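Below you'll find the structure, written out as structure tokens, and then a few comments.
Being a predicted model, the structure only gives us computed values, none of them experimental.
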Amino acid sequence: MIEKSKHQGSTSRRRQRAASILADLNPVQREAVEQAYGPLLILAGAGSGKTRVLTYKVAYLVRELGISPWKILAVTFTNKAAQEMKQRIERLVGKVSLNMWLGTFHSICARILRREAGSAGVDPHFVIYDTADQLTVVKKALEKLEISKEQFSPKMVLAKISWAKNSLITHQALARQSGNFFEQNIARIYGEYQKGLRESNALDFDDLLMKTATLSDSNPSVLEKYQNRFEFILVDEYQDTNHAQYVLVKQLASQHRNLCVVGDDDQSIYGWRGADIRNILDFERDYPEAKVIRLEQNYRSTKRILAAASAVVEKNLGRKGKTLWTEKAKGEKLTLFECADERNEAARIVETILEEKGRNGRSLNDFVILYRTNAQSRALEDGLRRRGIPYIIVGGLRFYERKEVKDILAYLKLICNPVDSVNLSRIINIPRRGIGGVTLGKVEEFATEAGISPLHTLMQVEEIEGLSAAMRKRLKDFAELIASFTKAKGTTPADRLATELVEKISYIQELRQEGTLEAQIREDNVRELLSGITEFVERSPDNSLDAFLAEVSLLTDIDRWDQSRDAVTLMTLHCAKGLEFPVVFIAGLEEGLFPLSRSIESLDELEEERRLFYVGVTRAKEKVLLSFAYNRHRYNSTMYGVESRFIEEIPSSLLQRVGIKQQWETLMTGELPGFEVGSWVIHPKWGRGKITNKTGFGENTKLVVYFDTVGEKRLLVRYAELEPG
């Protein structure tokens, strides 16, 4: 009787907790959370709280339905999203949530492959090659096959291989279906590339997906194990899944069919890298018994922002359709800056940031400047630097792609994987040991003939002909260095091992000997890497070097972005997915730039460009400012700009145009505010200066300006590109 009473009390308390959780949700969100069994498609509009729904759905399964977290698999598209979900779920259900599998497709697949290495035909200690490493393997394959890099660009070849893998096409299958000389050579390079990866015990990102998705081909019992294990599967951003991810999800969910996918067909923007929007559009074809729930209440943007974004994306034919609404204020109209060129565009954006900051007391991290291509950032950066405004670029040179960071990571990868020839080649003479390319070539040639790895070759270096005694000692010392750390890695935490390595190879000492500012920055980056490894060890249950490398290999630009820093953020529209800012600028809205010229003749590509615009606009909470330039320097020439069709698709009642006519009118009348004698101005080359004399009027106004950098200069205003300062 006592036991029964305890059980009833426990059930009652659990229901009370679930009721309190559901109280935080709107009626449609609550319906999505409570729909636990069977296939479920949640069409989640921008800013509709999809992360909240996914989080609370997991909590509901665990706390209300008593499902073990061990039986739940949740898949996200970024590490940042996964980390955010983990923290939220832990707050709701406690430490028991740590037992569930939650991560990106790539991290989940890497975890499965390490566990099922024998069935997958891989070594469990495989390393994951990044793009630079992959290109190195492609180049070696081209050299071995004696194929011209001019005819077959390594980047192009890598893109073709990636497409094949994401389509689950092996190099043998690609060769069979090749119809011409070009395709046949791609298949040959693909095969040699795979051979190079195997020899280095390496996988690329696409291998993680492909090998996991095809695991059942060789061992159906492995798939059956995970089908039984994961009774409930949740997938975020389903509209961005490629064919390999689609197949993997379908395989895992086929046993219990408790599959919940969340996505927005209007935010499918990765077709260029293999994402297939049909996966979400055809979900009900794959799962006829599926329930569809639309999350349409937006908690982020004003009414006008939503109306403008919706008016544009509604022009697309390939969509399921939804009507976003909000209880937020009507808000301001969208602003459109008509600019003379990209410098004028940058100046307009910068001035607006300063005005908003001064008038409304905003922080710099309230602002984001979005653009279609990375090349557009240069003029924007120049404009921000001229006014001394700090900024962060997301998607520029990644921290883990910096030379000094890659050097240390190459050492760590080689320590974990001694057959990794790519990383051995990178660091065998870093820091300098007097081991040149000729010597390395002899080592690699001997290794190939003997059928062993280059590092193992160094342990029997006496057998290599043509090397001096001193060179043999250097090579053997290097091999013994790596071997000593390989032996220690099983019992030494990753942070201590990395710190000891950096000290042992005197990497920082060599940087200090350079005595330059650049060397100091590189030293800071090495120390930042060591701090990052320490942080990993402190938060991770597995503090091994293998675990750290497995995590760091899957990080993206967004994962390292610090949103709390008081600086303006610059990024491409693709990087902005899933983020939000009070004020959003979208620059470069010209035909041929956004939408890109190559997309204009393809309906599918044009619709993806339109969805990308929709994503950009819906990042904004309060203000959207658009801009286009009548002239823009591209490809070493000046191109005349025509405003983007996306601007025309916004109802005029929602758009406030700020043209350049006012600028020409002030020039003609001679009214030049900010250009009076005694005023300060900023020149793009000479910096800040003071106007000491002024003659003429209108477009013929001439100024005498004294600059601290170059002294006195006489300038014609219409050509000088001066800004009030």
Does Trp686 offer a backbone N or O that forms a donor-acceptor pair with the side chain of Thr709 under 3.5 Å?
yes
Distance-only criterion, 3.5 Å: show the donor-acceptor pairs between side-chain atoms of residues 196-204 and protein atoms not counting sequence neighbours.
{"from": "Ser200", "atom 1": "OG", "to": "Ser421", "atom 2": "N", "distance (Å)": "3.3"}
{"from": "Ser200", "atom 1": "OG", "to": "Ser421", "atom 2": "OG", "distance (Å)": "3.0"}
{"from": "Asn201", "atom 1": "ND2", "to": "Asn417", "atom 2": "OD1", "distance (Å)": "3.1"}
{"from": "Asp204", "atom 1": "OD1", "to": "Lys165", "atom 2": "NZ", "distance (Å)": "3.3"}
{"from": "Asp204", "atom 1": "OD1", "to": "Asp206", "atom 2": "N", "distance (Å)": "3.1"}
{"from": "Asp204", "atom 1": "OD1", "to": "Asp207", "atom 2": "N", "distance (Å)": "2.7"}
{"from": "Asp204", "atom 1": "OD2", "to": "Lys165", "atom 2": "NZ", "distance (Å)": "2.7"}
{"from": "Asp204", "atom 1": "OD2", "to": "Tyr193", "atom 2": "OH", "distance (Å)": "2.8"}

Going by an N to O cut-off under 4.0 Å, is there a salt bridge joining Glu84 and Lys80?
no
Please output the side-chain donor-acceptor pairs of residues 495-506 that fall under 3.5 Å, not counting sequence neighbours, one pair per line with the distance.
{"from": "Thr499", "atom 1": "OG1", "to": "Asp495", "atom 2": "O", "distance (Å)": "2.8"}

Rounded to the nearest 0.5 Å, what separation is found between the CD atom of Glu351 and the CD atom of Glu356?
12.5 Å
Do the side chains of Arg472 and Glu462 get close enough for a salt bridge, i.e. N-O under 4.0 angstrom?
no
Show your working on side chain to side chain contact (heavy atoms under 4.5 Å, CB included) between Asn423 and Tyr129 and close with a plain yes or no.
CA-CA 10 Å; Asn423 282 303; Tyr129 275 180; 3.9 Å; yes
Should Lys476 and Glu480 count as an ion pair when the cut-off is N to O under 4.0 Å?
no
More than 12 heavy atoms of other residues, nucleotides or ligands under 6.0 Å from NZ of Lys489: is that the case?
yes
Heavy atoms from other residues, nucleotides or ligands near NZ of Lys487 exceed 12 (cutoff 6.0 Å):
no
Salt bridge or not between Lys357 and Asp366? Use side-chain N to carboxylate O under 4.0 Å.
no
Under 4.0 Å between a side-chain nitrogen and a carboxylate oxygen: does that hold for Asp130 and Lys406?
yes
Short side-chain to backbone donor-acceptor contact, Ser363 and Asn365, under 3.5 Å:
no
Check ion pair Asp477-Arg433 (N to O, under 4.0 angstrom):
no
Check ion pair Asp546-Arg114 (N to O, under 4.0 angstrom)
no
Between Phe77 and Phe105, does the ring centroid distance fall short of 6.0 Å?
yes
Using 30° and 60° as the class boundaries, would you call the ring planes of His683 and Phe707 parallel, tilted or perpendicular?
perpendicular
For the NZ atom on Lys86, are there more than 12 heavy atoms of other groups (residues, nucleotides or ligands in this structure) within a distance under 6.0 Å?
yes
Pair Glu465 + Lys442, salt bridge at N-O below 4.0 Å:
no
Evaluate side chain to side chain contact (heavy atoms under 4.5 Å, CB included) for Gln134 paired with Thr131, printing each intermediate quantity in order.
CA-CA 5 Å; Gln134 291 174 259; Thr131 303; 4.2 Å; yes
Ion pair Arg688/Asp708, N-O distance below 4.0 Å
no
I'd like to know if Lys140 and Glu192 make a salt bridge, using a cut-off of under 4.0 Å between side-chain N and carboxylate O.
no
